[in-house]
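Structure record follows, encoded as structure tokens.
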Number of protein chains: 2
Amino acid sequence: MSLGVREHVVDSSRADILRAAATCFMERGYASTSIDDVARSLGATKGRIYHHFPSKADLFAEVFRAGMDMNYQAVEPYRHLPGPALPRWRKMAMVHVLQMIDTKPFQRAVWIGVEMHLRGATTPAQREVFNELLEYRSTYGKLFRETLLQGREEGVFRFEDMSIANQLMFMTLNSPIFWYSPRVGETRSDIEVIARQVVDFAQGGLRGTQENPT
Amino acid sequence: MSLGVREHVVDSSRADILRAAATCFMERGYASTSIDDVARSLGATKGRIYHHFPSKADLFAEVFRAGMDMNYQAVEPYRHLPGPALPRWRKMAMVHVLQMIDTKPFQRAVWIGVEMHLRGATTPAQREVFNELLEYRSTYGKLFRETLLQGREEGVFRFEDMSIANQLMFMTLNSPIFWYSPRVGETRSDIEVIARQVVDFAQGGLRGTQENPT
DNA sequence: TGATGAACATACTACCGAGTATGTTGTCAA
DNA sequence: TTGACAACATACTCGGTAGTATGTTCATCA
């Protein structure tokens, strides 16, 4: 079952390509990123990319999947924390936001992928792959949805429309992929302060205006 | 000073092109939208586009400017409402969200434009135009910023970092450009219900968790 | 009424980028 | 040591697209 040195080298090369591709997609978007761009950022040529990935669309899909995997694995350990909804939601939200910051290029790619799918900018052949990935994303969304519902029952959340609340919450929690950029000399605790503010905003939003208390 | 029939026809043709272009940019993004796409959606050819706009980048810039103009003109009447910050902020926010819904194609173009600028995906020549447009956008942002500060002094808002709060607020208020789509048989009041939920979420977010009340 | 120019359409060029076909080099197994 | 294959690089093709150059039509005005 253990992988030989050769396999590790291959996987490492693949992973390097995925990282470079994620960064390129983040910086220029999908359409404006050429395979040559990705190769150049690796000091390589197209041959290397096409040796590991059959097409640009497949390369992008792998980046997308990698980003989703990171999220799922980060949040999954906390989804079944027992007890009231709020602390569990806060933990999950915090982990999610930190993921957005720590793996920004991949998360931007996920965003781009969702956008592309929503406007149907994929070939029928790529549709299948994408549908599977978005199913994956949908599953991830459900992790939060359950906790949102429990929180509403417990009175800590007061949103009206579940669908809208879900959109707004994820919009808030995902937003660092657009505006966060590391500062020089930034420590881990600085990042956590930022993430906490994002989570606080989302929590306040989910509670609403609270103009009719009791 | 009054325009003749000829000028009106010209302006109407230009406006048609801008609307079609905004829709195309929304549906496929900037890079994936060809001038032929825009022309085809008008039942015309490239010649018509290039007769009115010198380049694709200029066409896009005009769409961007039109979107910003709509926002500014919609919000400006309320920026100097006297009295406490909260009702003024709510009015401005509500108008802003309704603008996002009513002129979605243009607002998506504005978003795309900001993204493009942030990653520097513009030629030096287009930089000047873009810088002016983003200055415009910055001015628009200040309309809200003043009210945010007043609201914090009055205790209705409790955010820590002004920059982050501003980002999160606009992220929330802008978000309908991504997830709103008209429903069949939807009335104006249905739309206003949606917009109100968005504004409520943003207001709750700006107030924060409120775990240390007084 | 004919000349002029605006408002397009048509036909073309030049380039860029995805994908392919074909080398080249190093490694490992027999 | 050799041959076979993985992991690339190199050198192409080919379709699509921005931009241009050149018609064409119609209204307006001298």
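Side chains included, hydrogens not; waters and symmetry mates left out as well; all remaining heavy atoms used. Residue numbers start from 1 in every chain, and the chains themselves are labelled A, B, ... in the order their sequence lines are given, proteins ahead of strands.
- In the set dT10(D), dA9(C), dA6(D), the nucleotide with an atom closest to the side chain of T45(A) is dT10(D).
- Shown here are the ring pair (Phe, Tyr, Trp, His ring centres under 6.0 Å) partners of Y50(B), two or more places apart in sequence or in another chain: there are none.
- Nucleotide dA7(D) holds its C1' atom 13 Å from the CD1 atom of I49(A), rounded to whole Å.
- At whole-Å resolution of the value, CZ in R48(B) and C1' in dC8(C) are 9 Å apart.
- The salt bridge (Lys or Arg N to Asp or Glu O under 4.0 Å) analysis of residues 93-111 of chain B, with sequence neighbours excluded, yields the pairs E115(A)-R108(B), D102(B)-R188(B).
- An OP1 or OP2 oxygen of dA6(C) is reached within less than 4.0 angstrom by no side-chain nitrogen or oxygen of H52(B).
- Aromatic rings of F170(B) and F144(B) (six-membered ring for Trp) have centroids within the 6.0 Å cut-off, being under it.
- A salt bridge (Lys or Arg N to Asp or Glu O under 4.0 Å) check over residues 62-72 of chain B, counting only residues at least two apart or in different chains, returns the pairs R14(B)-E62(B), E62(B)-R65(B), R65(B)-E132(B).
- Atom CZ in R14(A) sits about 15 Å away from atom P in dA6(D), given to the nearest Å.
- We find that CZ of F60(B) is positioned 14 Å from P of dA18(D), with the value rounded to whole Å.
- Rounded to whole Å, the distance from CZ on R40(A) to P on dC16(C) is 11 Å.
- The side-chain hydrogen bond (donor to acceptor under 3.5 Å, both in side chains) test applied to S55(B) returns D58(B), not counting sequence neighbours.
- At whole-Å resolution of the value, NE2 in H51(A) and P in dG26(C) are 16 Å apart.
- Applying the ring pair (Phe, Tyr, Trp, His ring centres under 6.0 Å) test to F178(A) and every residue at least two apart in sequence or in another chain returns W111(A), W111(B).
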Expected string for nucleotides 18-24 of chain C under the B/S/- scheme (protein heavy atoms, under 4.0 Å, primed atoms plus P, OP1, OP2 as sugar-phosphate) is BBB----
